[in-house]
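The structure appears right after this line, and notes come after that.
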Amino acid sequence: SYQKIKRLRPPNYLQLSVNPNFIKTECQVKISGFEFDVLLSIVNSKKVSDIYLNCPLYDYEITGALISLRKKKAIRVLGP
């Protein structure tokens, strides 16, 4: 539900990066369009607050994509 996803939003001060090993993988894990949009936003700006500001998706869609990408080991948390 929306409230559950809202609670899972990462703090704005965190920085994320795309895991280069995920991009190079031969097995090519499938990603959704939402996940792709979020990956593009992470490439353009690593800070969580900027990702939510600049990505064309709704906040709950971004949060859901971030959770899924983290489970797929596609993104890494760099810290504040």
Side-chain angles (χ1 to χ4, degrees):
S1 76
Y2 173 76
Q3 290 300 324
K4 182 179 177 184
I5 290 279
K6 188 176 177 182
R7 287 194 308 262
L8 297 174
R9 178 182 168 145
N12 282 333
Y13 61 83
L14 282 182
Q15 293 191 36
L16 307 175
S17 72
V18 177
N19 181 355
N21 293 328
F22 179 80
I23 302 299
K24 292 189 289 187
T25 185
E26 293 298 321
C27 65
Q28 295 194 2
V29 176
K30 293 195 185 269
I31 61 170
S32 71
F34 289 162
E35 291 168 335
F36 183 78
D37 287 343
V38 170
L39 284 175
L40 286 178
S41 292
I42 292 170
V43 167
N44 290 324
S45 180
K46 296 179 181 335
K47 196 170 179 185
V48 168
S49 60
D50 293 336
I51 294 165
Y52 278 89
L53 184 64
N54 297 319
C55 188
L57 303 174
Y58 291 111
D59 285 3
Y60 72 92
E61 294 170 329
I62 296 170
T63 303
L66 286 172
I67 292 167
S68 179
L69 289 167
R70 184 85 192 267
K71 288 179 181 176
K72 293 176 181 178
K73 298 183 171 125
I75 57 176
R76 297 186 293 190
V77 177
L78 300 176

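Residues take their numbers from the sequence shown, with the count starting at 1. The analysis underlying the following values was restricted to heavy atoms, covering all of them including side chains, and did not include hydrogens, waters or symmetry mates.
Within the 4.5 Å cutoff, side-chain heavy atoms of Ile75 are placed close to those of Leu39. Proximity of Leu16 to Leu69: side-chain heavy atoms (C-beta onward) are nowhere separated by under 4.5 Å.
Screening residues 70-80 for side-chain hydrogen bond (donor to acceptor under 3.5 Å, both in side chains) gives Glu35-Lys72 as the qualifying pairs, with residues at least two apart or on separate chains. A salt bridge (Lys or Arg N to Asp or Glu O under 4.0 Å) check over residues 51-61, counting only residues at least two apart or in different chains, returns the pairs Arg9-Asp59.
Phe34 CZ to Tyr58 OH: the interatomic distance, rounded to the nearest 0.5 Å, is 9.5 Å.
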Name the atoms and distances for all side-chain donor-acceptor pairs under 3.5 Å in residues 42-56, with sequence neighbours left out.
{"unit_1": "Asn44", "atom_1": "ND2", "unit_2": "Leu40", "atom_2": "O", "d": "3.2"}
{"unit_1": "Ser45", "atom_1": "OG", "unit_2": "Asp50", "atom_2": "OD2", "d": "3.0"}
{"unit_1": "Tyr52", "atom_1": "OH", "unit_2": "Thr63", "atom_2": "OG1", "d": "2.5"}
{"unit_1": "Asn54", "atom_1": "ND2", "unit_2": "Asp50", "atom_2": "O", "d": "3.1"}

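Hydrophobic cluster membership differs between Leu78 and Phe22, with clusters built from Ile, Leu, Val, Met, Phe, Trp and Tyr side chains linked at under 4.5 angstrom.
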